[in-house]
Amino acid sequence: MKNIILIGFMGVGKGSVAREVIKHSNYIAIDTDDLIESMENRKIKTIFEEEGEAYFRKLEKEISLWLEKSVKDTLISTGGGFYKVKNLKKIGTIVLLDSPFDEIIKRIQAHPNAAKKLKKRPLLTDLEKAKELYKERRPEYLALADIVIDVTNKSAQECAKELLKKVKKHA
Ligand code: S3P
């Protein structure tokens, strides 16, 4: 089994879809933000505050080299900016979770833990800036993706099933 790399904008549901995929397959799952938080023993938000974004991007790059070399049969969910690492294609099949910006924000705001979800993401504190970032990134996400899943109005479970079906076809 080739690795699957889940990419997509903040809040699009990468974590929730990953949790559903592992319920319905033999993949194990890891998350690049979780790896960074354990490496650093501090939260992403604190890393941004204490070291700045460039330092965080350097950690993502280190993680990407380790993933390419050492990780197999795994579903890798990534932070929204991880796709910029140079070796993404070498890590596995790239799956984009796609949704319009307004739908992503609606989805976060409808979540019972909305405040927490917004607070832990430094690049989502200013929604105007986040929208600009979305506009800049979306074509880049699409250009990299082997598989695209439109998550709009679908449950995480539906997205996971679609993902597994498309990955099987793609193999
Ligand atoms: C980021 C997305 C975050 C996290 C960091 C930076 C980004 O992950 O990696 O705050 O640049 O889009 P999520 O996509 O899981 O929110």
Side-chain angles (χ1 to χ4, degrees), residues 3-22 29-67 71 74-88 91-92 94-145 147-152 154 156 159-160 163:
N3 293 323
I4 300 172
I5 317 177
L6 267 189
I7 65 167
F9 203 68
M10 293 171 272
V12 78
K14 290 165 288 186
S16 317
V17 172
R19 282 187 287 280
E20 287 298 325
V21 170
I22 57 173
I30 57 178
D31 178 292
T32 58
D33 281 346
D34 290 347
L35 290 170
I36 288 176
E37 288 188 343
S38 2
M39 256 167 78
E40 288 280 305
N41 195 24
R42 47 187 170 166
K43 295 284 179 200
I44 303 289
K45 184 173 179 278
T46 314
I47 301 174
F48 267 73
E49 282 164 5
E50 294 180 352
E51 316 288 346
E53 185 174 344
Y55 178 85
F56 176 76
R57 299 300 172 202
K58 210 178 79 200
L59 297 175
E60 288 190 317
K61 199 173 149 201
E62 278 173 31
I63 296 275
S64 74
L65 298 175
W66 173 76
L67 290 171
V71 173
T74 298
L75 171 73
I76 303 160
S77 48
T78 64
F82 187 85
Y83 75 103
K84 293 208 182 223
V85 299
K86 290 203 180 77
N87 60 339
L88 198 72
I91 301 174
I94 303 171
V95 178
L96 169 66
L97 299 189
D98 189 37
S99 190
F101 181 77
D102 293 347
E103 292 295 327
I104 295 176
I105 300 304
K106 252 200 259 167
R107 179 190 284 252
I108 299 178
Q109 284 168 347
H111 197 278
N113 266 335
K116 199 173 155 207
K117 287 192 168 284
L118 287 168
K119 212 172 137 205
K120 75 170 197 185
R121 295 182 163 100
L123 300 178
L124 263 191
T125 41
D126 178 336
L127 287 188
E128 279 310 306
K129 276 195 192 152
K131 190 167 187 172
E132 284 310 305
L133 192 62
Y134 174 90
K135 281 194 206 152
E136 182 188 311
R137 283 181 177 176
R138 186 161 180 269
E140 297 176 351
Y141 287 146
L142 286 168
L144 275 167
I147 293 168
V148 179
I149 297 178
D150 180 356
V151 305
T152 315
K154 288 179 197 155
C159 296
L163 181 152

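Every number for a ligand or one of its atoms is a count from 1 in the order of the listing.
The closest approach between any non-hydrogen atom of F82 and ligand 1 is not below 4.0 Å. Using 4.0 Å as the threshold, R57 has a heavy atom nearer than that to some atom of ligand 1.
At a 3.5 angstrom cut-off on N or O pairs, T78 does not count as close to ligand 1.
Atom NZ of K154 has more than 12 neighbouring heavy atoms from other residues, nucleotides or ligands inside a 6.0 Å radius. Counting non-hydrogen atoms of other residues, nucleotides and ligands closer than 6.0 Å to CG of N113 gives a total above 12.
Distances from atom 13 (P) of ligand 1 to the heavy atoms of P122, G80, G81, G15 show the closest one on G80.
Residue contacts with ligand 1 for R137 involve side-chain atoms from C-beta outward but no N, CA, C or O (heavy atoms, distance under 4.0 Å). The part of K14 lying near ligand 1 is the side chain, judged by heavy-atom distances below 4.0 Å.
With Y141 contributing its side chain and G80 its backbone, the two residues share a donor-acceptor pair below 3.5 Å. With T32 contributing its side chain and G79 its backbone, the two residues share a donor-acceptor pair below 3.5 Å. Side-chain atoms of T74 do not come within 3.5 Å of backbone N or O of A29 as any donor-acceptor pair.
Less than 4.0 angstrom separates some heavy atom of I44 from each of these atoms of ligand 1: 5 (C), 10 (O). Under a 4.0 Å criterion applied to the non-hydrogen atoms of D33, ligand 1 contributes the atoms 3 (C), 4 (C), 8 (O), 9 (O), 13 (P), 15 (O).
In terms of heavy-atom proximity, K43 sits nearest to E37 at CA-OE2, 3.5 Å.
For atom 16 (O) of ligand 1, the closest non-hydrogen atom on the protein side is R121 NE, 2.4 Å.
Aromatic ring pairs are classed by plane angle as parallel below 30°, tilted from 30° to 60° and perpendicular above 60°; the pair F48 and F56 is tilted.
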